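Below: one structure, written as structure tokens.
All chains are named by letter (A, B, ...) in the order of the sequence lines, taking the proteins before the strands, and each is independently numbered beginning at 1. All values derive from a computational prediction rather than experimental measurement.
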Amino acid sequence: MREAVVEAVLDLAAIVPPGRVLSYGDVAELLDVGGPRLVGRIMSLHGDAAPWWRIIRANGSLPDELMERAVVHYRREGTPLAAPAAGPAKVRMAQARWMPQEEEFAAIERLRRKVSEATDGMGA
DNA sequence: AGGATGACATTAC
DNA sequence: GGTAATGCCATCC
């Protein structure tokens with residue numbers, strides 16, 4: 001069910017440590033869901049129910065309006081930002097990209113499995 | 001069924 | 001270091 005996916009995505013966003021980020025694609029891969037676009041869609045609908053600024057584009061950017069709001073959080077959390085030549089700032093993915101440790105991986109694995117059994121075992 | 005859309009990703013230039 | 005073209009997956013008309 002989509003709800004299960006939504007839950008998992010929001011849940012994952014919630015366990016991303018402050019100062020760190022994940023790309024939409026990372027989330028999609030960690031949870032083994034359709035793809036980046038689906039994750040983006042979910043965030044657009046339910047992003048306000050989670051630390052949405054920790055789920056960003058693979059190149060460390062976000063839509064301009066969102067980035068304006070996100071930068072506030074980044075400064076507060078100490079997220080590595082790139083010096084913007086022009087326009088809104090960008091996150092340094094190389095530095096900020098979250099690498100889950102084994103224990104955290106286990107939690108993610110649980111989420112992924114939950115989604116899997118929800119999306120898989122339907123209809124039949 | 002066919003086509004357009006979206007908080008995207010990758011590759012090529 | 002950019003922008004442009006293609007590919008992606010799920011949804012909605």
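- By the salt bridge (charged side-chain N to carboxylate O under 4.0 Å, His left out) test, R97(A) is found to be paired with D26(A), residues two or more places apart in sequence or in another chain being considered.
- Looking only at side-chain heavy atoms (C-beta outward), L22(A) and L30(A) come within less than 4.5 Å of each other.
- Between I42(A) and L38(A) the shortest side-chain heavy-atom distance falls below 4.5 Å.
- Annotation: proximity of residues 87-96 of chain A to DNA chain B (heavy atom, distance under 4.0 Å) is found for no residue.
- A heavy-atom distance below 4.5 Å is not found between the side chains of I55(A) and V21(A).
- Using a 4.5 Å cut-off on side-chain heavy atoms (C-beta onward), V33(A) and V39(A) make contact.
- Legend: residues meeting salt bridge (charged side-chain N to carboxylate O under 4.0 Å, His left out) with E77(A), ordered by chain and number and at least two apart, are R54(A).
- Not a single salt bridge (charged side-chain N to carboxylate O under 4.0 Å, His left out) links R57(A) to another residue, sequence neighbours left out.
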Which letters describe nucleotides 3-10 of chain B, given B = protein heavy atom under 4.0 Å from base, S = only from sugar-phosphate, - = neither?
---BBBS-
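- A distance of about 22 Å separates the C1' atoms of dC13(C) and dA7(B), rounded to the whole Å.
- For the pair I42(A) CD1 and dC8(C) C1', the computed distance is 15 Å after rounding to whole Å.
- In this structure E29(A) satisfies the salt bridge (charged side-chain N to carboxylate O under 4.0 Å, His left out) test with no other residue, sequence neighbours excluded.
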